[in-house]
Amino acid sequence: MVSVSADEIRELYTEYRSTHPRPEPVKTEFCEVVESLLESEGLKSETYEVQICRLHEYCEQKIESELVAEAIGCSPSYARRFSYDDERGGFEKEWSKSNQNEKVSPGARTKIINRDGGSCLRCGLEVETALEVHHVLPVSQGGTNDDSNLATLCSHCHEAAHGGSKTSGKIVYGEDGFSDWIQERSLEERGQSLGSRQTKISDY
Ligand SMILES: [Zn+2]
């Protein structure tokens, strides 16, 4: 196998992008070189996400989703989810942003909801279709998909946990404050004012 480098991939991509219509032979060569480099790094057996991430690192720029899809073997719409964004400071940020919205698998969802008694831990809602799995520590802050970091909340409480927007990557309770936070709701229901008890949205 001929050894290939990221420089080669970058050059091919520049050539590909500067030609209209997109040149098929360059596309084919690009895909072969990408596959070869991923293979040599032992990444071909990794997830599409890992491969897409690496491909963007090779090119140091946003790559057309159609081409990413060809090179990696995924669908263009999937490739679009992981695109590199120059304005936001590169791939790393965009990458963590997509991780942050990472969905828990359906199997894990069922398991966590069953563990939590089939209801929202904060308000007790038992409407199955409204229940969601919340990352106690957001993925963007190093949280994992381990059971210990997952908790059942209804859609409403889930939004509240994130200060109104589930995609904000922020949480309204401080470190280790989740169990206190889910109790606040019951105080609220008893008519007590939350007042200053409410934790400020923490920066991260
Ligand atoms: Zn709730």
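The first residue of the sequence shown is numbered 1, and numbering continues consecutively from there. Here the structure is a predicted model, which is why all the values come from computation and not from measurement. Keep in mind that the numbers below use all heavy atoms, side chains included, and drop hydrogens, waters and symmetry copies. Order of appearance sets the numbers: ligands from 1, and atoms from 1 within every ligand.
The aromatic rings of Tyr13 and Tyr16 lie parallel to each other, their planes meeting at an angle below 30°, with 60° marking the opposite boundary.
For the Zn ion (ligand 1), the set of nearby N, O or S atoms under 2.8 Å includes none belonging to His158.
Put simply, the angle at the Zn ion (ligand 1) from SG in Cys157 to SG in Cys120 is close to 110°, to the nearest 10°. The SG atom of Cys123, the Zn ion (ligand 1) and the SG atom of Cys154 define an angle of 110° (nearest 10 degrees).
With salt bridges taken as basic N to acidic carboxylate O contacts below 4.0 Å, none links Glu66 and Lys27.
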Apply side-chain contact (heavy atoms from CB on, under 4.5 Å) to residues His134 and Ile171 and explain how you reach the verdict.
CA-CA 11 Å; His134 169 60; Ile171 44 174; 4.2 Å; yes
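Taking both residues in full, the closest heavy atoms of His158 and Val133 are given as CE1-O, 3.8 Å, listed atom of the first, atom of the second, then distance.
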